[in-house]
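The figures that follow rest on heavy atoms only: side chains count, while hydrogens, waters and symmetry mates do not.
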Amino acid sequence: MTLPVSKRLVFRSYAPADRESFLRLVTDETVMKHVDKGVLELPEAEQLWRKLIDEFYPSGSDTIYAVFTKQGNRYVGHAAIRPRPERKQDWEISYMLVPTAWGKGYATEIARSLIDFGFNELQQREVFATIAPENTASIAVVKKAGMSLCDAEVGDSDPTLVFSIRSKV
């Protein structure tokens, strides 16, 4: 399978050399403020890293990426397109950026690249994103990427807004 493509960014599978960057990302309180269950403690972050390297990639879950700048090869964050946990037939995008990469348009570029990848490589007719209502920055990102609010879900945790975009073909 090909990788998502972008004008300024490179998407690739995580490698052992990326471990420290990944751990810093998921243990950063600012980054993780609106992500899933929030900031991870180092043992939880290590466990997630091991799961990614030892389980996800070997089992064929290869749509989880480390993202780097093309110019300078700087780690800017994490991106993925995966089946939604509660609706496996629906695929959703996700992204997290290091704070020094905020405000540069990278999140929108990542979102657009993952959406295109979902349509062109994964043959999805619709791609989703789930976002906490208070995460206004991420809501702006998916809207810039062409997504629209389609639902709101209330599960075991806080409410979640669901955005989607349909393929034009």
Side-chain angles (χ1 to χ4, degrees), residues 1-84 91-122 124 127-132 134-147 161 163 165:
M1 185 179 301
T2 63
L3 297 171
V5 293
S6 152
K7 183 178 179 182
R8 301 178 296 161
L9 303 171
V10 174
F11 295 73
R12 66 166 174 74
S13 296
Y14 279 95
D18 305 323
R19 179 179 165 274
E20 290 304 317
S21 296
F22 176 83
L23 294 178
R24 268 194 307 277
L25 184 72
V26 300
T27 58
D28 185 310
E29 192 172 311
T30 309
V31 171
M32 300 298 288
K33 182 177 182 178
H34 300 296
V35 177
D36 201 20
K37 293 176 179 40
V39 66
L40 299 180
E41 297 296 324
L42 190 55
E44 295 170 300
E46 289 275 6
Q47 185 177 10
L48 183 58
W49 172 259
R50 292 277 30 112
K51 190 172 187 175
L52 175 64
I53 299 301
D54 296 339
E55 293 177 35
F56 288 160
Y57 285 156
S59 71
S61 294
D62 58 356
T63 57
I64 304 168
Y65 309 103
V67 183
F68 295 83
T69 57
K70 283 184 179 176
Q71 189 169 22
N73 196 38
R74 287 182 318 280
Y75 178 79
V76 295
H78 174 89
I81 181 166
R82 304 189 59 214
R84 293 184 65 201
W91 286 62
E92 73 178 326
I93 64 169
S94 61
Y95 45 84
M96 297 180 285
L97 298 178
V98 297
T100 56
W102 293 2
K104 295 176 172 36
Y106 291 147
T108 303
E109 195 169 324
I110 290 168
R112 286 179 177 147
S113 297
L114 291 172
I115 289 166
D116 289 344
F117 184 82
F119 292 154
N120 299 324
E121 291 296 320
L122 301 173
Q124 294 296 302
V127 174
F128 296 85
T130 54
I131 303 172
E134 63 275 8
N135 191 348
T136 55
S138 198
I139 290 168
V141 164
V142 298
K143 285 182 175 181
K144 282 185 207 169
M147 298 181 110
L161 300 177
F163 290 81
I165 185 170

| message | Between Asp116 (side chain only) and Ser113 (backbone N and O only), is there a donor and an acceptor less than 3.5 Å apart? | response | no
| message | Does atom NZ (Lys70) have a neighbourhood of more than 12 heavy atoms from anything else shown, all under 6.0 Å? | response | yes
| task | Could you tell me whether a side-chain N or O of Tyr14 sits under 3.5 Å from a main-chain N or O of Trp49, the two making a donor and an acceptor? | result | no
| field | Atom pair CZ (Arg74) and OG1 (Thr100), whose distance is rounded to the nearest 0.5 Å | value | 8.0 Å
| message | For the CD1 atom of Ile139 and the CZ atom of Phe163, what is their distance to the nearest 0.5 Å? | response | 4.5 Å
| request: Search all heavy atoms of Tyr57 against all heavy atoms of Ile64 and return the closest pair with its distance. | output: OH-O, 2.7 Å
| Looking at Lys144, Lys7, Arg8, which one forms a side-chain hydrogen bond (donor to acceptor under 3.5 Å, both in side chains) with Glu109? | Arg8
| task | Report yes or no: is the cationic atom of Arg24 (NZ for Lys, CZ for Arg) under 6.0 Å from the centre of the six-membered ring of Tyr75, at an angle within 45° of the ring normal? | result | no
| Between OG1 of Thr136 and CD1 of Ile131, what distance do you get to the nearest 0.5 Å? | 10.0 Å
| said: Nearest 0.5 angstrom please: Thr69 OG1 to Lys104 NZ, how far? | reply: 10.5 Å
| Between Ala45 and Val26, which heavy-atom pair has the shortest distance, and what is it? | CB-CG2, 3.6 Å
| Interatomic distance, Arg82 atom CZ to Trp91 atom CH2 [nearest 0.5 angstrom] | 8.5 Å
| field | Side-chain donor or acceptor of Glu134 paired with backbone N/O of His34 under 3.5 Å | value | no
| note | CG of Leu161 to CE of Met147, rounded to nearest 0.5 Å, is 12.5 Å
| request: Please confirm whether the backbone N or O of Ile81 pairs with a side-chain atom of Thr63, one donor and one acceptor, at under 3.5 Å? | output: yes
